[in-house]
Amino acid sequence: MSRDLDELYQNVILDHNRVPRNFRELPAPARHAEGHNPLCGDHLTVWVDLDGETLRDVTFLGNGCAISKASASMMTAAVKGKSRTEARELAGEFQRLVTGHLPAADARKALGKLAALGGVSEFPVRVKCASLPWHTLKAALAGAEQEVSTE
Ligand code: ZN
């Protein structure tokens, strides 16, 4: 990856960390789930308001490192308005990205701004920070009441 692109990506992450999108709670009957990454101390709650199969609104609150917060912020923006199936597919592509299994050329096309988090694949400890919001979203969609943990 070129240095300029690297910097651009870093700016996206810093921006979402500083001004997280959809950083609020949703009232019932929206579903929610909690996620915890003990290795880093990231802790977040994701809310999903479903309209049939569509994710009408997705929000989060929590404390954690810049990567987990930026990832959660970008995730909420990316899956809002998508169907459950589309959201699940995006989660799968994102997991491939952060584990280094999605070529950079495909990442931008498949994931848009989320591709900014591709750099974490070089830092195994950070992969859990980036994927925690997605695991938590999946738990919320599944209606799981137990806290999700990366460990
Ligand atoms: Zn973290």
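Values below: all heavy atoms of this structure, side chains included; hydrogens, waters and symmetry mates excluded. Only a predicted model underlies this, so the values are computations on that prediction, with no experimental measurement involved. Order of listing sets the numbers, starting from 1, for every ligand and every atom in it.
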Sequence neighbours left out, cut at 3.5 Å: what donor-acceptor pairs do the side chains of residues 107-115 make with other protein atoms?
none

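A cation-pi geometry, defined here as NZ or CZ lying under 6.0 Å from the six-membered ring centre and within 45° of its normal, does not hold between K69 and F60.
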Worksheet entry | side chain to side chain donor-acceptor pair (under 3.5 Å) assessment of H101 paired with E93 | CA-CA 9 Å; H101 294 102; E93 290 295 288; over 6 Å; no

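Side-chain N or O atoms of R31 include one that pairs as donor or acceptor with a backbone N or O of L141 at under 3.5 Å.
R24 and D57 are joined by a salt bridge, as a carboxylate oxygen and a charged side-chain nitrogen come within less than 4.0 angstrom of each other.
Neighbours of the Zn ion (ligand 1) restricted to protein N, O or S atoms under 2.8 Å: the count is 5.
Residues T59 and N22 have side chains that never bring a donor and an acceptor to within less than 3.5 angstrom of each other.
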